[in-house]
Amino acid sequence: IPFGIYAVPYPADEAGMDETAALIRETGIDLLCMHMNGTQQDRAFLDRAARLGLSFCPSSGMHCREDGSAVEWPPELRIEFAPGAPAVEKRPACFNQPEVRRRAADAFASMVRQYQAHPAFSGLVYYGDDLFMHPQNTMGKAWISCYCPRCRKDFKKRFGFDPPVTTEAR
């Protein structure tokens, strides 16, 4: 039965990687769940982990490309917060947009192919759709829903009225 650990910070130097991987293995942990977008940036550590019998379960999201660089979504595919929400310079993508879903699925499929080729891959993958919608908090108020035209239209179609813009009781 795998016993895992999440978000392992490991040193950049080889000796530190060896020491960290060995320490993890000595504790009885045999599964590393790491946020990653492909194996390139973590290959040296994953190779060491594999030699010690550790496997990994990648945790990934739609904010990064295979090389780990941030995705720059065009404005029309980004979330919009409710009227009155603070302006946000870098808004993440709206996952309800078909183009965003297509791009995310393509990138994820490519990453999974990379994982499958590594001997330490456990066969498990966590794709965190919770990683795309970051709440905006200002002065005790929070905005967590997308109000882009598509989301507003979908909400109204589903519930028969416009989406609320506050948490006030009706």
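Remark: side-chain polar atoms of Thr20 are not paired, donor with acceptor, to backbone N or O of Met17 under 3.5 angstrom. Arg101 places a side-chain N or O within donor-acceptor distance of the main-chain N or O of Phe95, the cut-off being under 3.5 Å. Under the 3.5 Å distance criterion, the side-chain polar atoms of Ser122 are matched with a main-chain donor or acceptor of Phe56.
For the atom pair SG of Cys146 and CG of Asn96, the computed distance is 7.0 Å after rounding to the nearest 0.5 Å. With values rounded to the nearest 0.5 angstrom, Glu19 atom CD is found 9.0 Å from Asp13 atom CG.
Proximity of Phe155 to Phe161: side-chain heavy atoms (C-beta onward) are separated by under 4.5 Å at one or more points. Side-chain contact between Leu31 and Leu124 is present, with at least one heavy-atom pair separated by less than 4.5 Å. At least one side-chain heavy atom of Asp30 sits less than 4.5 Å from a side-chain heavy atom of Arg25. Looking at Arg43 and His118, their side chains come closer than 4.5 Å, going by heavy atoms from C-beta outward. Here the side chains of Cys151 and Cys94 are in contact, with some heavy-atom distance below 4.5 Å. With a 4.5 Å cut-off on side-chain heavy atoms, Arg103 and Leu77 count as touching.
In terms of the side chain to side chain contact (heavy atoms under 4.5 Å, CB included) criterion, residue partners of Arg51 (sequence neighbours excluded) are, by chain and number, Asp47, Arg48. For Ala22, the side chain to side chain contact (heavy atoms under 4.5 Å, CB included) partners are Glu26, Leu52, not counting sequence neighbours. Scanning for side chain to side chain contact (heavy atoms under 4.5 Å, CB included) contacts around Arg78 gives Glu72, Trp73, Arg91, with sequence neighbours left out. Applying the side chain to side chain contact (heavy atoms under 4.5 Å, CB included) criterion to Arg102, with sequence neighbours excluded, gives Glu99, Asp106. Residues that satisfy the salt bridge (Lys or Arg N to Asp or Glu O under 4.0 Å) test with Lys153, not counting sequence neighbours, are absent from this structure.
Contact detail for Phe121 and Tyr115: the closest heavy-atom pair is CB-O, 3.0 Å.
For Glu76, the CD atom sits in a packed shell: over 12 heavy atoms of surrounding residues, nucleotides or ligands are nearer than 6.0 Å.
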